[in-house]
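Just so it is clear: chains get the letters A, B, ... in the order the sequence lines come, proteins before strands, and each one is counted from 1. A quick note: this is a predicted structure, and the numbers were derived from the prediction, not measured.
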Amino acid sequence: MFLEFKAEVEKVLKQALASYEYKDLEIVESEHADIASTVAFSLARVYKRAPKEIAEDIVNHLPAEEYTLISHAVAAGPYINFYVSDFFLHKTLQSIKEGLEPTEKNRGKIIIEHTSANADGPLHIGHLRNAIIGDVLARVLKRAGFDVETQYYVNDLGRQIAVAVWGAGRMAFAADKKADHAVADVYIAANRELEEHSEYLNAVEELMRKYEAGDDATVKRYETVVNTCLTGVKETLKRLNIKHDLFVMEGEFVRSGAVDAVVNELMQKGDVKLDGTALLLQLEGIEKELVIKRSDGTSLYTTRDLAYHRWKSNRCDRMIDVFGKDHELVSQQLTKALALLSVKAPEYVIFEFVSLPSGSLSTRAGRYISADELIEKIEERAYEEVEKRRDDLDEVKKPEIARMVGIGALRYDMVKVSPDKHIVFDFDDALDIEKKGAPFVQYSHARACSILRAAAAKGVLTDDVYDSALLREDSELELIKMLSKFDYLIAGVTSDLKPHRIAKYARELAEYFNLFYRYCPVLNADEEHRKARLVLVDCARVVLSNVLDVLGIKAPEEM
RNA sequence: GUCCCAGUGGGGUAAUGGAUAUCCUUUGGGCUUGCGGAGCCCAAAAUCCGGGUUCGACUCCCGGCUGGGACGCCA
């Protein structure tokens with residue numbers, strides 16, 4: 001609803017500015033108003049008058065008779081402050097009661113690629129950041145009315161996989177281990193062996209050549225390793241509430257000839273030169289030329305990625321790639337090379353690294369914290385907390401709530417920080433569930449549910465006729481305004497792709513609900529207030545549950 | 001060396017160029033004859049350094065410093 005308020009402010013402000021020339025309405029959020037404009041500052045310069053005077057003049061020209069969602073506007077010095085009307089507050093509650101469906105639908109198809117970890121071992125905490133950022137964005141975009149498809153791009157052609165496949169030919173996967181962990185064991189052991197015996201490297205290279213050429217037996221060996229690993233990875237993702245619509249194998253693009261087609265087209269359209277038998281592409285603005293074909297004729301990651309993006313671009317309106325910071329140069333090369341092929345560029349969400357206090361993560365060196373280990377520990381920790389507080393619950397409910405709280409805390413922790421912030425992962429800190437994170441928001445939701453349950457038990461109906469004008473306390477007004485901003489938030493994140501803003505909103509909403517709870521009795525209020533407040537509690541419950549859903553966090557009815 | 005990113009109270013973190021810099025944690029103090037205390041209130045404490053642009057800079061520009069990353073016929 002806040003979006004509609006903002007639109008009305010823009011409309012009336014434009015009318016009031018009819019006699020001025022301006023570039024922008026300069027609408028800003030403000031703590032002194034529901035929304036404000038600072039346009040008087042820049043007009044002051046042009047018209048050589050005091051900004052305060054101009055602000056007053058603009059306010060005097062606002063068509064107050066057209067206000068519906070606006071109650072009034074005032075000039076506070078050079079600022080023009082707008083305030084919401086009672087009708088806005090009423091309409092906010094009504095629209096939430098009617099459901100939070102996106103106002104715009106069928107806005108086109110978006111393919112978002114995320115996680116895409118190599119199939120050489122389990123997901124670690126770095127992949128987790130990628131997966132959770134990607135998953136939250138996918139959920140936001142769905143809310144915003146897009147048709148979203150999530151893809152996991154499976155690297156099955158890299159040297160890493162060849163090493164794992166080679167290793168799998170010499171030792172068996174441990175049968176008693178989770179599949180992806182068993183693959184990692186083999187991969188790490190194989191790497192160690194190759195370091196000691198470089199004579200085995202030929203065998204690895206031969207595997208790579210045979211696989212690209214489509215040798216049946218080799219393809220089968222690869223598939224076994226990759227699928228084994230992915231089985232485990234999918235289990236982990238499922239626990240985290242993450243699902244990919246499609247797993248796309250890199251190898252397909254080589255075998256289908258799509259990669260060759262890309263290389264040939266680049267030779268015609270780009271600045272390509274020969275270095276021995278390898279092909280180098282010079283891209284504008286990037287010093288380093290891009291190798292698009294190896295001397296031995298096999299393909300490279302970037303070239304295969306070009307073919308993948310060309311394929312994707314034909315299946316959607318927007319492409320979004322969630323990449324680690326180490327892929328930034330690649331993303332620039334990708335954009336430039338795609339332009340040569342007349343393929344639209346993807347939008348990139350680039351996030352900074354997650355490292356351990358002991359240094360950077362490395363699957364090969366076995367230096368990582370697996371997502372599974374983290375999930376295991378955090379759920380244990382959450383179970384302890386539940387047991388501490390809710391001894392009355394049975395052994396079905398307790399672990400169920402512990403899972404919701406544990407996974408919630410983990411997801412919230414990963415998404416709450418701006419993607420361009422480097423994270424040093426601290427195990428104890430991640431396990432500290434008592435912080436104001438997901439459990440805080442979940443608790444507010446459970447509390448709202450509890451009030452509604454108690455009301456139902458007393459036979460008070462929430463869908464009674466109610467008078468929203470009775471909601472006059474500060475904590476009530478602030479809560480309603482916060483509720484109204486859900487659509488505004490979704491619209492914002494849809495364009496700036498910054499998922500940490502969702503986490504911040506969720507926490508703030510829970511805070512406002514707690515304040516309302518503290519200052520306004522619901523069930524113990526007189527009948528008219530009780531009715532109106534129950535509606536407000538129900539609306540808060542709906543928005544809390546929706547914002548948690550966007551974060552991929554379960555909203556427990558009790559905890 | 002070149003390029004990219006980050007630098008905000010003791011630690012972590014937020015802030016489309018706008019009014020009194022957010023929140024967590026920490027430390028200290030307080031709130032329950034209340035619908036669930038995983039709650040609420042109060043206090044302490046911060047924009048790396050130096051220039052510049054601007055009516056106005058955490059935010060933009062230039063130069064440093066510190067930390068991370070990229071610069072493979074790896075992915």
Side-chain angles (χ1 to χ4, degrees), chain A residues 24 26-33 36-38 41-42 44-45 50-51 76-79 81 116 118 120 155 157-161 250 275-280 286-288 290-302 304-305 324-330 332 350-353 355 360 385-386 388-390 405 416-424 426 429 432-437 439-444 446-455 458 492 495-496 500-501 503-504 507-508 510-511 513-515 517-525 530 533-534 537 558-559:
Chain A
D24 193 89
E26 298 189 41
I27 289 176
V28 293
E29 283 175 72
S30 165
E31 31 189 327
H32 306 274
S37 170
T38 57
F41 283 113
S42 23
R45 186 177 188 74
Y79 297 91
N81 288 341
S116 302
N118 288 342
D120 56 12
N155 156 32
L157 282 176
R159 182 172 225 98
Q160 288 95 321
I161 305 303
E250 249 187 308
D275 179 17
T277 51
L279 290 175
L280 306 182
I286 300 177
E287 269 184 70
K288 198 80 196 166
L290 177 68
V291 180
I292 57 174
K293 196 170 201 173
R294 287 197 185 97
S295 302
D296 67 359
T298 57
S299 64
L300 284 125
Y301 164 82
T302 325
R304 299 190 294 262
D305 221 13
K325 183 70 201 231
D326 54 340
H327 275 54
E328 197 170 46
L329 177 61
V330 168
Q332 287 166 11
I350 292 189
F351 65 94
E352 273 286 358
F353 265 52
S355 57
S360 58
E385 294 296 326
V386 173
K388 204 156 69 187
R389 296 161 217 262
R390 296 300 305 273
V405 170
K416 74 178 179 190
V417 181
S418 164
D420 45 31
K421 213 99 173 178
H422 173 219
I423 292 178
V424 178
D426 182 318
D429 195 53
D432 182 5
I433 283 189
E434 301 222 81
K435 287 177 315 191
K436 245 186 186 172
F440 178 78
V441 184
Q442 289 171 315
Y443 183 70
S444 298
R447 181 179 255 175
C449 289
S450 169
I451 294 173
L452 294 167
R453 265 197 309 272
K458 281 191 179 181
S495 56
D496 69 17
H500 68 287
R501 292 176 56 190
K504 190 181 176 228
R507 199 202 63 229
E508 284 171 351
E511 253 166 30
F513 179 73
N514 283 337
L515 285 176
Y517 173 85
R518 162 75 179 72
Y519 292 109
C520 298
V522 179
L523 299 177
N524 300 328
R530 183 168 62 213
R533 284 175 180 167
L534 276 171
V537 171
E558 61 174 332
M559 61 187 277

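With values rounded to the nearest 0.5 angstrom, Y443(A) atom OH is found 9.0 Å from R389(A) atom CZ. Rounding to the nearest 0.5 Å places CG of D120(A) at 5.0 Å from CD1 of I161(A).
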Sequence-aligned protein contact record of nucleotides 17-23 of chain B, with B where the base is within under 4.0 Å of a protein heavy atom and S where only the sugar-phosphate is: -BB---S
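A salt bridge links R501(A) to D496(A): one of the charged nitrogens lies within less than 4.0 Å of a carboxylate oxygen. With respect to E250(A) and R304(A), a salt bridge is recorded, a charged nitrogen being found less than 4.0 Å from a carboxylate O.
Note that R447(A) lies in the cation-pi zone of Y517(A), set by a 6.0 Å cut-off to the ring centre and a 45° limit from the axis.
At a threshold of 4.0 angstrom between heavy atoms, the contacts of C449(A) with the nucleic acid are absent. Counting any heavy atom pair closer than 4.0 Å across all strands shown, D496(A) reaches no nucleic acid atom. In this structure, E558(A) reaches the bases: a heavy-atom distance under 4.0 Å links it to at least one base atom across the strands shown. At a threshold of 4.0 angstrom between heavy atoms, the contacts of F353(A) with the nucleic acid are absent. R390(A) comes within 4.0 angstrom of a base, heavy atoms only. Here A454(A) lies out of heavy-atom contact (under 4.0 Å) with every strand. Across all strands shown, H327(A) has heavy atoms under 4.0 Å from base atoms, whether or not it also approaches the sugar-phosphate. As judged by a 4.0 angstrom heavy-atom cut-off over every strand, L279(A) is placed among residues making no nucleic acid contact.
In this model, the phosphate group of G72(B) is not approached by any side-chain N or O of R159(A) to a distance below 4.0 Å at OP1 or OP2. In terms of phosphate contacts, Y301(A) brings no side-chain nitrogen or oxygen within less than 4.0 Å of OP1 or OP2 of A75(B). At least one side-chain nitrogen or oxygen of N514(A) sits closer than 4.0 Å to the OP1 or OP2 atom of C40(B). Residue R501(A) places no side-chain N or O under 4.0 Å from the OP1 or OP2 atom of A15(B).
Side-chain proximity of Y517(A) to A75(B), G37(B), C41(B): nearest is G37(B). In this structure, of U25(B), G36(B), A6(B), it is A6(B) that holds the atom nearest to the side chain of D420(A).
Shown here are the salt bridge (charged side-chain N to carboxylate O under 4.0 Å, His left out) partners of R533(A), two or more places apart in sequence or in another chain: E476(A).
Take the nearest nucleotide of RNA chain B for L280(A) and for P439(A): the residue whose nucleotide is more 5' is P439(A).
Nucleotide C71(B) is matched to G1(B) when pairs are restricted to Watson-Crick or G-U wobble geometry with both distances under 3.5 angstrom.
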